[in-house]
Amino acid sequence: MAEPMGFFTDTSVCIGCKACETACKAWNQLPAKEGGHPPMSGDSYDNTVRLSGEDWRHVKFIEQFSEDRSAGRWLMMSDVCKHCVNAPCLEVCPTGAIIRTEFDTVVIQTDACNGCRLCITACPFGVIDVNPVSKTAEKCTLCYDRLQVGMQPACAQACPTASIQFGPIAQLKATATARLSQLQAQGEKQASLYGADDKMLGGLNSFYLLLDEPGVYGLPVDPKMPTRNLFWGSVSSVAAAVVLGVVGLFGFRERRAVDESDADA
Amino acid sequence: MSLTRREFLQATLAGGGTALGSLIGLGVSLAPAIARAQTLRIANARVTPSVCPYCSVGCATLVHTIGGEIVNIEGDPRSPLSEGTLCPKGAAIYQLHKNPNRATRVLHRAPGAATWKEVDAEWALDRVAALFKKTRDESFVERFADGTVANHTTAIFSLGGAILDNEWNHLQQKLMRGLGVVAIENQARI
Amino acid sequence: MAECHPVAFRWVMKAKLKGAKIIHADPRFTRTTAMADVYAPLRAGSDIAFLGGLIRYVLHDERWKSDSFFQDYLVNYTNASTLVDPGFQDTEDLDGEFSGLMDYTGGKPEWPLNGFIGEYERASWGYQREGTAPGKPASGDTTTAFDALIRGLSQSPVRKDPTLEDPRCVFQIVKRHFDRYTPAMVADVTGCAVDTFVKVAQTVLSNSGRDRTTAWAYAVGWTQHTYGPQMIGCCALLQLLLGNIGRPGGGVIALRGHVSIQGSTDIPTLYDNIHGYMVAPSTLKSHATLRDYLKAEAKPTGAWSDMPKFMVSYLKSMYGDAATAANDFGYGWHPRIAGDHSHLPMFVAMAEGRVKGMICVGQNPATSVNASLERTGLRKLEWLVVKDNFLTETATYWNRAPEIANGSIAPADIATEVFFFPSAQVAETEGSFTNTQRLLQWHFKAAQPPADCRSDLWFTYQLGVRLKRLYAGSTETRDEGFQRLTWNFDPDDPATAVVGEPDPRKLLREINGYHSASPLRHLEAASELRDDGSTTCASWIYCGVFPAPDRNLAARKTPDQKGVTGAHLEWGWAWPANRRVLYNRASADLQGKPWSERKRWVWWDGGKWAGHDVPDFPRHKSPDAPADPRASGTDALSGSSPFTLKADGVGWLFVPEGLVDGPLPTHYEPAESPVRNPLYARQTSPVLKYWKREDNLLAAPGDPRFPHVITTYRLTEHYVGGGMSRWSPWLSALQPELFIEMSPELADAHGIVNTGWVRISTPRGSIRAKALVTRRLRPFRIAGKVVHQVGMPWHWGWEGVVTGDVVNNLTALVGDPNVSIHEAKAFVCNVEKG
Amino acid sequence: MKAMPMPDTFFTASPHWGWLIVFYFFIGGIAGAAFFLSALLHLFGRAADRPVVRTGYLVALSGVIVSAILLVVDLSRPLRFWHMLIQSNTGWPMFKAWSPMSVGSWAFALFGVFTALAALGAWAEIRAPASPLRRLANGLPGKAIAVLGGSSGVFVAGYTGVMLSVTNRPLWGDSSVLGGLFLSSAASGAAAVLVLATTWRGRRDATSLEWLQRVDRGALMLKGVLLVAVVVSLGAAAQVLVGIWGVALAAVLIGGVLVPLLMRRGRWSIPERPMMVASALLVLAGGFLLRVVVIFSSESVYVMGAGVHGP
């Protein structure tokens, strides 16, 4: 089996150019959002707004300025599927359309997907959505087809500032750790890695260097497996069923009692 | 990675309800990797080196064609300028070529007309040449009133060139200057 | 830079990861600012004040004054020590004017559209010279016909004071000139806080010297002003003071806007130049004969002493065998310009009905400067040819423009005959582009163009073929030149090409040059050029790109090996002579040793110049070779004169010739400004160009009806007027609508909300856009008052997947006097809700 | 400038589960619970309960058919509905015990089979009293189907809530009590439907109705308790209920639970018919509104750019 591969996205060097978005569309031949003319969102320079079945890369823009402009920064981050080691979408998919590949990436087989959209609800990062053309759930495949012939994913190849880096996970983690130390030494105290260790869903095969809290970037602080609720959810259901059964059976007894008292009368 | 996988399985097993599931999933499992056979859509493509036509950085591109049709355009990793990277415009060069909005017919609008008409390219070229000659002949100035040699016409204006090949710029300025057109301009000035 | 040249910014970010400091000076907080270590917010158009402040800061810096590197570079590699004519008076003496200002009287009655509001008589800006000229030396062979002419141009040596003490020396003049650009004055003019300015100055200074270099990069934010070239000159002056020119990691880097805009300047589809930066023959100059022309334009010393070779070889490329020594190589057939035929006056001429026909290839004037006026011009044309990738606004100005849509003009009233020829796209043609680093790169043809789409070469070539046919029988003398024009670029093997397409390699051969007698013997270097007609070469600076029929060096694709220091000399080909850093002799000290190990680039290895790059110096001229005042060409310059294109071999702090608006940069306000010039009584450049018309009015300084500064710009996601990018759904979706960026302070004052509609007006026009309210923009405090600034990207028009109002409806035909560039980066407007 | 701390579920994307799913949750729940109640009456009731039992089976069948249509139509690729049960690329059965939708699909399919059989029996009882089918329906096979169908029916009525809990969506993934809530709501709704069906047909199957009322009361009380439990379990995610959705949920609790309960307070005998009908209608309306609130309040949270926008 091939080595686990993934992305390290260093948001501190992202210039928000959206080359990743377009390169992704060009390689994967994805349709333009709303035929190419969505309304201007007004949310900084972001008009893609969110990841979806046709936007597998999404550059986020976060403007942070004090009122007097004495402090200010413009954070940018190219968001993508996290290719979680413990992938919630893969776990819940009822058709088996979502698979884990030999590169440890998570891929939706669009020919198997029937569009139930459960994976959308499972993803803690809001990555997946239905592609309006294929009408199946779609997301980043980490350019599975390119990986199989030893090519880089289209976005990572296009990224002008190497904010998106592709490679073996182990190597990327070393790069990320070194970059984090460099930034912290430069006084970026808030800089941190997101999803680089295996505490988060067993590790994200697409992990990030952030310059602020995850929430600022629209990322959950502690993403969880949806199946965490399976046990107690089932218990609540079973308990309710038992209660209802008991109520029903008691109902017969009470009815008999009433009948008997009627008979007595 | 096998370690991570094992950890994953342990985590799943520890997950209560999921534990049962891991054991009784029929024909499906989360853990093992599946290699899905697929063909790269540029596997048998011809690769032609090209250059991005947008800004002046000159990022190198590779054009993939199959049977003479462009199927993909992406950055050329060999380039010391761009190392395979592109900006969003460069990454969308494919859509300059393959685009239903692309104009592909020679069009002619007669004076005063409200609509275009598709015309034959040869006819259009002949017509332009005739109009060019008429205007040049009517407006050519050999000498100014003070006797200075001018040898020019200022009634014809050639505009454009900054997004075009050097070879075109040479050819255009040669034709224009050869005919006495001095008003030759491109985007370099504005 | 991150916005409009993201891939070039790759290298800035790589430098940053290695510890480089990035400074961004810009009116807006952009994607570049987001990556910067220091951000200097400036009011649009105030950059000369900012740069001037830096110059003053440097001149007062103790380290700068004592470091031998700076002083060696200054005294030897610049004209700091040269004495200037005693008649010269500075802006300091004349409150914002230089000596020689007078009313504009030039021009020919046949072409009254030069736009000047004044002009300088520039004689007093020259150097002081010793005694008399050395005269025509008898020594030396006269192998070429024009040798004597060149020698006859020689002037007596300039006076110098190497101690830099003489009050008339350039250094002292520069020092006095910038003395009023104090940090406080910088803050008052630019709106940039004093401490930010000082931080920038210190960062630049500490990063310049023997071991370090600072690079400045700019784009049209600097050039599109009525003093644009002065802005660049001001930066060059600063870089020369800091020893940052001709060295790796230094320079003043133009980030040009189009793929081959450099190529179209080198091979000029520009009215005022012919190939290789030779000025176009003009009726306004003493250019009657070839000898007159060369006398006026060639230089006795430096590289331009070879101009006769360049010019004769160029004329051979025009007229071929018909160009002979006997007929001045056909110079008499060559057209002469009559004044300013650049973009702005040509559209005025068009609007006045002087222009009848136009060929527009890959450009979109219908959304260009003062677009309403330009469309007025288009409506007056008898015929118009548009050749483009997509239907541009220029192709449909007659049926879809705003004035047609709102019914104020009917298509029936427009008598223009319009042709649209669809273009082949880049991957469907082959040819070379010259990028912003002067690098030629060949692009190959990957696919056939669809339907009627043809290359641009095809159009021009076929038009020429037809015109040749039409003029073949003419007996008019005025048609003789055209009849002699060489015009055969048919491919040798027509079977392989699309019918009618010329062979681009044959064009490249003509550009590169060949031996007139045997066209298959290409020229290998400009040094092979002759002024006797034996060589044919359109562009002397491109000579060497195609040294043999099977060696197209622009098509080379071999990068240097990883980890090897080099200039990737096997990737493409850069003019001149494949040189990647110009004036790189300056990367070595007087003795020819690198200034430091860290900044090694080119050096004298004892017998010749060597290095990572192609040395920009005579190969075997030793560093200690003295100047020979009796010689011509580069022989007249010493071995320590790196700036070989300059007649005196040094970098010019003070520009004695070539600029028409002053030998030193001076802060003027833009043609439209909300404030009075805080530096001088002179509000604007006294010699700017302005074409006064009812549809091209300007707001007076401080006009309360137009209180805000507006600047226009590009976004990463789109390209110029959008003629390519707005047809791409992928790109359109990234920035779908025209917007105006403004601060919340300004938005609140007008009740404007984010994404709400705004009406923007100037004396030229009024448009609507959506508001993008952001703290990335900020109010400035200028000359004691609060000045708001707004910004608008100008990518929209009425064609394409996404459409929007034309921002250039707001801009004015007002230009710089040197090159007639317009002023779209700083003007004034009003905004209101709606 | 800092974004408000948001529950992690707020960063997720909407599955676009809209009205089709609301109706499925409502109808499918009633179908499952109706079978469940009918099975109880079938197994433990009297001969007098047979009409209600038959009604229940027929209600379940109608519900299953409508639900199946809703479910298939809701798929973006409806023709691939069978991928839920058979792996399209291997032909093997598709089953993930840890995925409520996978299990639910099987349960729904089985429930459909049992419902069809039970309904066939009910049909035979009325239309073909002499047929052997009737003997089967009233005999051991009928009881077996009642047991199997009742179990799968209660599963169908309850798994939908568990499925919502086993997501990362706002509200849904923030509570693990939705399964119980949906089941109790389905049971009260089913009882209400059976009451309405019985009374609407003019029958006064008094004894059956009385039992249904008792079950209904118990289910409503359970529903009320679980509704509160859900809200409490939400924690910070309860902010989805700030505003219109909170009001709607209160309406469910008051109008769909408390009022129907109060309408029967102290009346242990069969209430007057109008009161009974009104109460049943309120319960149904409450059950429907509950699903509307659960689905759409979650949908009202959306992510735009890097920010989360609340309801």
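Throughout, protein chains are lettered first and strands after them, A, B, ... in sequence-line order, and every chain is numbered starting at 1. Below, each value reflects all heavy atoms present in this structure, side chains not excepted, and no hydrogens, waters or symmetry copies.
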With a 4.5 angstrom heavy-atom cut-off, could you sort out which part of C/Lys387 is near chain B: side chain, backbone, both or neither? neither

Within this structure, what is the CD1-CD1 distance for the pair C/Ile337 and B/Ile184, rounded to the nearest 0.5 Å? 10.5 Å

By ring pair (Phe, Tyr, Trp, His ring centres under 6.0 Å), B/Phe132 pairs with (sequence neighbours left out) C/Trp383

Under 4.5 Å heavy-atom distance to chain C, tell me which part of B/Thr65 shows up: side chain, backbone, both or neither. side chain

With sequence neighbours left out, the residues meeting side chain to side chain contact (heavy atoms under 4.5 Å, CB included) with B/Cys55 are B/Val57, C/His5

Side chain, backbone, both or neither: which part of B/Ala60 has an atom under 4.5 Å from a heavy atom of chain C? side chain

Segment of C/Ala395 engaging chain B (4.5 angstrom heavy-atom cut-off): both

Examine distances only and state if a side-chain atom of B/Lys89 and a backbone atom of C/Leu731 form a donor-acceptor pair shorter than 3.5 Å. no

What I'd like to find out is whether the side chain of C/Asn364 reaches to under 4.5 Å of the side chain of B/Gln187, using heavy atoms alone. no

Starting at CD1 of B/Ile190, measure out to OG of C/Ser820 and round the result to the nearest 0.5 Å. 12.0 Å

Identify whether the distance between the nearest side-chain nitrogen and carboxylate oxygen of C/Lys506 and B/Glu167 falls below 4.0 Å. no

Please check if the side chain of B/Asn166 supplies one atom and the backbone of C/Ile267 the other of a donor-acceptor pair under 3.5 Å. no

Does a side-chain N-to-carboxylate-O contact under 4.0 Å join B/Arg143 and C/Glu110? no

C/Tyr271 six-ring centre to B/Arg189 NZ/CZ under 6.0 Å and within 45° of normal: no

Between B/Glu122 and chain C, which part of the residue has a heavy atom less than 4.5 Å away: side chain, backbone, both or neither? both

Taking side chain as everything from C-beta outward and backbone as N, CA, C, O, which of these in B/Ala110 sits under 4.5 Å from a heavy atom of chain C? Side chain, backbone, both or neither. backbone

Taking the side chain from B/Gln173 and the backbone from C/His275, do they hold a donor-acceptor pair closer than 3.5 Å? no

Is it the case that the side chain of C/Lys356 and the backbone of B/Lys134 share a donor-acceptor pair, with hydrogens and angles ignored and the cut-off at 3.5 Å? no

For B/Arg102 and C/Pro450, the nearest pair of non-hydrogen atoms, with its separation, is NH2-CD, 3.5 Å

Look at the side chain of B/Asn101 and the backbone N and O of C/Trp727, then say whether any donor-acceptor pair between them is shorter than 3.5 Å. yes

Just verifying a value: how many Å separate C/Thr394 OG1 and B/Leu159 CG, rounded to the nearest 0.5 Å? 8.0 Å

Tell me, out of B/His64, B/Arg78, B/Arg46, who's got the most heavy-atom pairs with chain C below 4.5 Å. B/Arg78

If I take atom NE2 from residue B/His152 and atom OG1 from residue C/Thr283, how far apart are they, to the nearest 0.5 angstrom? 6.5 Å

Identify which part of C/Lys108 has an atom lying under 4.5 Å from any heavy atom of chain B, answering side chain, backbone, both or neither. side chain

Does any part of the side chain of B/Ile163, heavy atoms only, come nearer than 4.5 Å to the side chain of C/Phe433, both counted from C-beta? no

What's the shortest heavy-atom distance between C/Phe482 and B/Gly178, and which atoms? CB-O, 3.4 Å

Do B/Ser50 and C/Lys445 pair up side chain to side chain, a donor and an acceptor below 3.5 Å, judged on atom types alone? no

Check each atom of B/Val119 against the heavy atoms of chain C and say whether the ones under 4.5 Å are side chain, backbone, both or neither. backbone

Heavy-atom closest pair, residues C/Gly332 and B/Asn151: O-ND2, 2.5 Å

Can you find a side-chain donor-acceptor pair between B/Trp168 and C/Thr460 that sits under 3.5 Å? yes

Residues C/Gln441 and B/Ser79: side-chain donor-acceptor under 3.5 angstrom: no

Tell me if a side-chain donor or acceptor on B/Gln95 pairs with a main-chain N or O of C/Trp730 at a distance below 3.5 Å. yes

Decide if atom CG of B/Asn44 counts as having more than 12 heavy atoms of other residues, nucleotides or ligands within a radius under 6.0 Å. no

Rounded to the nearest 0.5 Å, what separates atom CZ in C/Phe459 from atom CG in B/Leu125? 6.5 Å

Chain C contact via B/Asp126 - side chain, backbone, both or neither, heavy atoms under 4.5 Å: both

Side chain to side chain, B/Leu131 and C/Glu382, heavy atoms closer than 4.5 Å: no

pair C/Asp479-B/Phe140: side-chain heavy atoms closer than 4.5 Å: no

Heavy-atom distances under 4.5 Å only: say whether C/His343 touches chain B with side chain, backbone, both or neither. both

Test side-chain hydrogen bond (donor to acceptor under 3.5 Å, both in side chains) applied to B/Glu185 and C/Thr269, step by step: CA-CA 5 Å; B/Glu185 280 286 276; C/Thr269 42; over 6 Å; no

What is the distance from atom CG of B/Leu96 to atom OG of C/Ser423, rounded to the nearest 0.5 Å? 11.5 Å

Where is the tightest heavy-atom contact between B/Ala92 and C/Ser728, given as atom of each residue plus distance? CB-OG, 4.2 Å

Heavy-atom pair with the smallest gap, counting every atom of B/His170 and C/Ala538: CE1-CB, 3.3 Å

Is there side-chain contact between B/Pro53 and C/Gln425, with heavy atoms separated by less than 4.5 Å? no

Which atoms of C/Val386 approach chain B - backbone, side chain, both or neither, heavy atom under 4.5 Å: neither

Without hydrogens or angle criteria, can the side chains of B/His97 and C/Glu428 be said to hold a donor-acceptor pair below 3.5 Å? no

Between C/Pro411 and B/Ala114 the two heavy atoms that sit nearest each other are CB-CA, 4.1 Å

Residue part contacting chain B, namely of C/Glu476, when any heavy atom lies under 4.5 Å: neither

Using non-hydrogen atoms only, which part of B/Ala183 is less than 4.5 Å away from chain C: side chain, backbone, both, or neither? both

Pick whichever of B/Leu179, B/Val141, B/Thr148, B/Ile73 has the most heavy-atom pairs under 4.5 Å with chain C. B/Leu179

Please classify the contact of B/Asn186 with chain C as side chain, backbone, both or neither, using a heavy-atom distance under 4.5 Å. both

Which one, B/Ile70, B/Thr61, B/Thr115, leads in non-hydrogen pairs under 4.5 Å with chain C? B/Thr115

Under 3.5 Å donor-acceptor, C/Trp571 side chain and B/Leu81 backbone: no

Any side-chain heavy-atom pair from C/Leu381 and B/Phe157 closer than 4.5 angstrom? no

Using a 3.5 Å distance criterion without hydrogens, assess whether the side chain of B/Arg109 forms a donor-acceptor pair with backbone atoms of C/Thr396. no

Parallel, tilted or perpendicular: which fits the ring planes of B/His108 and C/Phe419, with parallel below 30° and perpendicular above 60°? tilted

Would you tell me whether B/Asp165 and C/His443 have side-chain atoms, one donor and one acceptor, within less than 3.5 Å of each other? yes

pair B/Val106-C/Asp452: side-chain heavy atoms closer than 4.5 Å: yes

Could you check whether any side-chain heavy atom of B/Glu83 comes within less than 4.5 Å of a side-chain heavy atom of C/Trp11, counting everything from C-beta outward? yes

Checking side-chain polar atoms at under 3.5 Å, does C/Gln262 have a donor or acceptor matched by the opposite partner on B/Ser56? no

